[in-house]
Amino acid sequence: MTLAHYLCLGAVLFGLGIFGALTRRNVLGILMSVELMFNAANINLVAFNRFLYPDRPWGHAFSLFVMAIAAAEAVVGLSILLAIYRNAKGRPVRVGVLNG
Amino acid sequence: MATVTHMPLLSAIVFTILSAALLALVLVVVRSSNIFHSAVALTGALAIVAAVFAFLGADFVAASQLLIYVGGVMVIMLFVIILFQQSAGSNAPQTNEQWLTGFFAAGTVIGVLVCAFWGAYSKITTAHEPGPTTAALGRLLLGDLAVPFEVVSLVLLAALIGAAAFGTERPGDHR
């Protein structure tokens, strides 16, 4: 396996994440697509680390940082979503309601 | 010790199986009309990404991926879906009319990135034996990367406070 195989896997994952973020109507679906894009970036970081700098795990450390930021983003996003649902009182919530 | 990286055919087979399963699950995530199915497929996809990490020799990152994403983020997401999605019109259409825009945007990104990566990195292989990375990673995180490491803990604290602030139900919220 060459480095390009893993990078292309990450690129396809990233592109599908963009597709999901653009076409999803539900805020939760958009959050899930953003998680996919984070994971694509992580695959690329770890793959570069493995193939180009196998002795220094900087790529691993950065992917851990990305995971921590993604977890924080998911928690804050989901709590905002809960607040929106609570204010909507059972009406369907779409991205359009975020326009203000 | 002969690892899977020293057997090219077996390595290619494992990579192909992991990629195919990952792409199938991701397609379910982005196209499923049921948000609950999307979340379950996303859980599987994140677990397979952890398998890809383990296959790349990143043992600590793979374990963190399983703990943080599959064990933490996805459980919260499934909680939110189960609690609130049933009453919030789960039979409404889940995708909008921008699929053509999304298709071209995603196709452009995938095409450009795959061409660039394939042209630049398709000759690079590695003979490096994967080993335990946890000790080196710990020294790095508390040595060269100590400041970002502490800043991330501040970010997590801010996320905790933010989640508590948004989650608290104050009198007067219901108008």
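Here the structure is a predicted model, which is why all the values come from computation and not from measurement.
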Which atom of [X] lies closest to which atom of [Y], heavy atoms considered:
{"X": "B:Phe117", "Y": "A:Ala4", "value": "O-CB, 3.9 Å"}
{"X": "A:Glu35", "Y": "A:Glu73", "value": "OE2-OE1, 3.1 Å"}
{"X": "B:Ser11", "Y": "A:Met1", "value": "OG-CG, 3.2 Å"}
{"X": "A:Met37", "Y": "A:Ala21", "value": "CE-CB, 4.1 Å"}
{"X": "B:His37", "Y": "B:Ser32", "value": "CB-OG, 3.5 Å"}
{"X": "A:Ala72", "Y": "B:Ala159", "value": "CB-CB, 3.6 Å"}

Decide side chain to side chain contact (heavy atoms under 4.5 Å, CB included) for B:Leu140 and A:Arg56; before the verdict, give the C-alpha distance in whole Å, the side-chain angles of both, and the deciding distance to 0.1 Å.
CA-CA 9 Å; B:Leu140 182 64; A:Arg56 288 171 289 167; over 6 Å; no
So which part of [X] gets closer than 4.5 Å to some heavy atom of chain B, the side chain, the backbone, both or neither?
{"X": "A:Ile43", "result": "both"}
{"X": "A:Leu36", "result": "side chain"}
{"X": "A:Asn42", "result": "both"}
{"X": "A:Phe14", "result": "side chain"}

Between [options], who has the most heavy-atom pairs with chain A when the cutoff is under 4.5 Å?
{"options": "B:Thr108, B:Thr101, B:Asp144", "value": "B:Asp144"}
{"options": "B:Val26, B:Val151, B:Leu113", "value": "B:Val26"}
{"options": "B:Ala12, B:Ala106, B:Ala158", "value": "B:Ala106"}
{"options": "B:Gln65, B:Arg139, B:Met74", "value": "B:Gln65"}
{"options": "B:Val152, B:Leu145, B:Leu156", "value": "B:Leu145"}
{"options": "B:Tyr69, B:Phe79, B:Phe103, B:Trp99", "value": "B:Tyr69"}

Name the member of [options] that forms the most heavy-atom pairs with chain B at distances under 4.5 Å.
{"options": "A:Pro54, A:Gly17, A:Gly20", "result": "A:Pro54"}
{"options": "A:Ala74, A:Ala83, A:Ala61", "result": "A:Ala61"}
{"options": "A:Val76, A:Leu78, A:Leu13", "result": "A:Leu78"}
{"options": "A:Ile69, A:Val12, A:Leu31", "result": "A:Val12"}

Non-hydrogen side-chain atoms of A:Ser33 and A:Phe19 separated by less than 4.5 Å
no
Side chain proximity check, B:Val61 to A:Leu45, heavy atoms < 4.5 angstrom
no
The side-chain contact (heavy atoms from CB on, under 4.5 Å) partners of A:Leu22 (sequence neighbours excluded) come to A:Ile18, B:Ala105
Not counting sequence neighbours, which residues clear side-chain contact (heavy atoms from CB on, under 4.5 Å) with A:Leu3? List them please.
A:Leu7, A:Ala47, A:Phe48, A:Phe51, A:Leu52, B:Tyr121, B:Ile124
Positions in residues 15-23 of chain B that reach chain A, provided some heavy atom is under 4.5 Å away
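Answer by number: B:Phe15, B:Ser19, B:Leu22, B:Leu23.
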Which members of residues 42-50 of chain B, sorted by number, sit under 4.5 angstrom from chain A on a heavy-atom basis?
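Result: B:Leu42, B:Leu46, B:Val49.
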Under a 4.5 Å heavy-atom cut-off, does chain A meet the side chain of B:Leu141, its backbone, both or neither?
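Side chain only.
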Please report the C-alpha distance between A:Arg50 and A:Tyr6 in whole Å, then the side-chain angles of each, then the deciding distance to 0.1 Å, and finally whether the side chain to side chain contact (heavy atoms under 4.5 Å, CB included) criterion is met.
CA-CA 11 Å; A:Arg50 167 99 174 90; A:Tyr6 293 97; over 6 Å; no
Check the pair A:His5, A:Thr2 against side chain to side chain donor-acceptor pair (under 3.5 Å), reporting the backbone distance first and the verdict last.
CA-CA 6 Å; A:His5 287 93; A:Thr2 67; 3.0 Å; yes
Test side chain to side chain contact (heavy atoms under 4.5 Å, CB included) on A:Asn49 and A:Phe62; report intermediate values, then the result.
CA-CA 10 Å; A:Asn49 200 146; A:Phe62 269 90; over 6 Å; no
Do [X] and [Y] sit in the same hydrophobic cluster, where Ile, Leu, Val, Met, Phe, Trp and Tyr count as joined when their side-chain heavy atoms come under 4.5 Å apart?
{"X": "B:Ile110", "Y": "B:Phe104", "result": "no"}
{"X": "B:Val28", "Y": "A:Leu16", "result": "no"}
{"X": "B:Val73", "Y": "B:Phe36", "result": "yes"}

